[in-house]
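First up is the structure itself, then whatever we jot down about it.
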Amino acid sequence: MSVHLLAIDPQNDFCDLPAEGAAAPTLPVPGAHADMQRLAALLRMQGGRIGKITVTLDSHQRYDIAHPPFWQRGDGSDVPPFTPITAAEVRAGAFAPRDAQALPRVLAYLDALETQGRYTLMVWPVHCEIGSWGHGVHADVLAACGAWQARQLRAVHHVFKGMNPWTEHYSAVQAEVPNPADPATALNTRLLEDLGRAGLLLIAGEASSHCVRATTEHIVQHLPRIAPGWNASRLVLLTDCMSPVAGFETQHTAFLDAMRAQGAQLANSSQISL
C-alpha cells in the first residue's frame with residue numbers, strides 16, 4: 001500500500017524551541033518542538049515504507065493582512081498580535097488599514113471571510129517571513145527528510161502557501177478567500193490529485209487548531225470529487241505530532257472529533273505500523 005506523509009508547516013516559527021542565540025520563534029505552539037522530534041523519529045524508523053513526502057510551508061511577507069504592520073487602531077496606535085478584527089469593528093472605526101486606500105478591499109475581504117463562518121481575522125505576530133530563520137523547517141524534521149531523500153532517491157515535494165498579503169491561507173489546499181487574480185490562492189487540484197493517489201495519507205504538523213485543521217478539512221471536503229472512491233478512512237492523523245495554538249485547545253478537540261466522525265483514523269506515531 002502506498003503511503004504519503006503530509007507534514008503541514010513544520011517550521012521554526014511554530015516550534016517552542018529551546019532558546020539558542022539570537023533566533024527565536026515568533027509564534028511558538030506549546031508542544032510543537034516535541035511533536036516534530038516525534039515526527040522525525042517516525043521518518044527515521046519507518047521512512048522506508050513511506051513512498052512520498054509533501055511538506056507545506058507557511059510563507060508570508062511582513063506586510064500581510066494578518067500581521068500588525070497592516071493595521072492601526074482608530075486613534076492611530078499599533079494593533080498588537082493576537083487581536084481579532086471584524087468587519088463591524090472596522091466600519092465602526094475601531095480598526096483601520098494603515099493604507100487608507102485599502103479600506104474598501106479590506107471590508108470586502110472581511111465580509112467574505114465572515115460569511116463563510118470558518119474564521120475571524122486574527123492579527124498574528126509576524127511569522128514565517130519568507131527568507132527568515134523562522135520560515136525554515138524544524139532541524140530534526142529537515143534532517144530526517146534529507147536522510148529519506150538520500151535513501152529513497154527521490155525529492156520531498158514542497159508546497160508554499162500564504163504569499164498573497166490580501167488573504168489568510170491556513171489551508172494548503174485553498175486560501176480562506178481565494179483571489180481570482182492570483183491562481184496560487186485557488187483550489188490546489190494538483191496537490192489534491194497527488195494526495196488522492198495514496199493508499200494511506202499520514203498527516204502531521206502545526207498547528208492542529210489552524211493550518212492542520214484547515215488543510216485536513218479541505219482534503220476531506222474536496223478530495224472525493226478529485227479522486228472518486230477516496231474517503232476519509234484512508235487518512236491518519238498523527239495526534240502526537242501536532243498541537244494547538246495556546247488558547248485554541250477547544251478547536252483542536254473539535255477538529256479531531258469531527259475527523260473521527262467522518263472516518264479518519266487517529267494514531268500515535270510510536271504505535272503505528274506501516
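Of the options Arg62, His67, His60, a side chain to side chain donor-acceptor pair (under 3.5 Å) to Glu129 is made by Arg62 and by none of the others. Results of the side-chain contact (heavy atoms from CB on, under 4.5 Å) test with Pro244 over Gln251, Glu206, His252 single out His252 as the only residue that passes.
Proximity of Val123 to Phe95: side-chain heavy atoms (C-beta onward) are nowhere separated by under 4.5 Å. At least one side-chain heavy atom of Arg190 sits under 4.5 Å from a side-chain heavy atom of His157. Contact of the Trp71 side chain with the Leu121 side chain is registered, since non-hydrogen atoms from C-beta on lie closer than 4.5 Å. Leu200 places a side-chain heavy atom less than 4.5 Å from the side chain of Gln265. Counting only heavy atoms from C-beta outward, the side chains of Asp140 and Gln37 approach each other to under 4.5 Å. Using a 4.5 Å heavy-atom threshold, the side chains of Trp166 and Thr185 count as separate. By the 4.5 Å heavy-atom criterion applied to side chains, Arg98 and Phe70 are not counted as neighbours. Using a 4.5 Å cut-off on side-chain heavy atoms (C-beta onward), His210 and Trp124 make contact.
Without hydrogens or angle criteria, Arg49 side chain to Leu274 main chain gives a donor-acceptor distance under 3.5 Å. Under the 3.5 Å distance criterion, the side-chain polar atoms of Trp133 are left unmatched by any main-chain donor or acceptor of Ala23. Using a distance-only test at 3.5 Å, with no hydrogens or angles considered, no donor-acceptor pair links the side chain of Trp148 to the main chain of Ile53. A donor-acceptor pair under 3.5 Å is absent between the side-chain atoms of Arg38 and the main chain of Ser269, judged by distance alone. Without hydrogens or angle criteria, Ser132 side chain to Cys128 main chain gives no donor-acceptor distance under 3.5 Å. Between the Asp99 side chain and the Gln101 main chain, a donor and an acceptor come within less than 3.5 Å of each other. Judged by distance alone, with hydrogens and angles left aside, the side-chain atoms of Thr239 form a donor-acceptor pair with the main-chain N or O of Ala267 at under 3.5 Å. No donor-acceptor pair closer than 3.5 Å links the side chain of Arg197 to the backbone N or O of Ser2. Side-chain N or O atoms of Gln11 include none that pairs as donor or acceptor with a backbone N or O of Gly134 at under 3.5 Å.
Summarising the geometry of Ala204 relative to Met242, their closest heavy-atom pair is CA-CE, 4.1 Å, with the distance given to 0.1 Å. Closest non-hydrogen pair, Pro25 versus Cys15, comes out as CG-O, 3.1 Å. Pairing each heavy atom of Val126 with each of Thr26, the nearest pair is O-OG1, 2.8 Å. When all heavy atoms of Pro68 and Val79 are compared, the pair lying nearest together is CB-O, 3.5 Å. Between Ile272 and Gln46, the shortest heavy-atom distance links the atoms O-NE2, 2.7 Å. Minimum interatomic distance between Pro28 and Asp16 (heavy atoms only, all atoms of both residues): CB-CA, 3.9 Å.
Linking Ile, Leu, Val, Met, Phe, Trp and Tyr whenever their side-chain heavy atoms come within less than 4.5 Å puts Leu57 and Leu142 in one cluster. Criterion: ILVMFWY side-chain heavy atoms under 4.5 Å apart, direct or through other members. Under it, Met259 and Tyr119 are not part of a common hydrophobic cluster. At a threshold of 4.5 Å between side-chain heavy atoms, the hydrophobic network of Ile, Leu, Val, Met, Phe, Trp and Tyr places Ile8 and Leu195 in one connected group. In the hydrophobic clustering of this structure, Phe160 does not group with Val212; members are Ile, Leu, Val, Met, Phe, Trp, Tyr whose side-chain heavy atoms approach within less than 4.5 Å, directly or through other members. No single ILVMFWY cluster, assembled from side-chain heavy atoms under 4.5 Å apart, contains both Leu6 and Leu238.
His127 and Phe14 have their aromatic ring centers within a separation under 6.0 angstrom.
Looking at His169 and Asn164, their side chains never bring a donor and an acceptor atom within 3.5 Å of each other. A donor and an acceptor atom, one from each side chain of Thr86 and Glu89, are located under 3.5 Å apart. Side chains of Tyr109 and Glu168: a donor-acceptor N/O pair is present below 3.5 angstrom, by distance only.
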* **Derivation and outcome, side-chain hydrogen bond (donor to acceptor under 3.5 Å, both in side chains), residues Ser243 and Asp35** => CA-CA 7 Å; Ser243 295; Asp35 293 339; 2.6 Å; yes
* Asked: Can Leu235 and Trp230 be said to form a side chain to side chain contact (heavy atoms under 4.5 Å, CB included), step by step?
  -> CA-CA 10 Å; Leu235 188 156; Trp230 188 92; 4.1 Å; yes
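Taking the charged nitrogens against the carboxylate oxygens, Asp58 and Lys161 do have a contact shorter than 4.0 Å, which makes a salt bridge.
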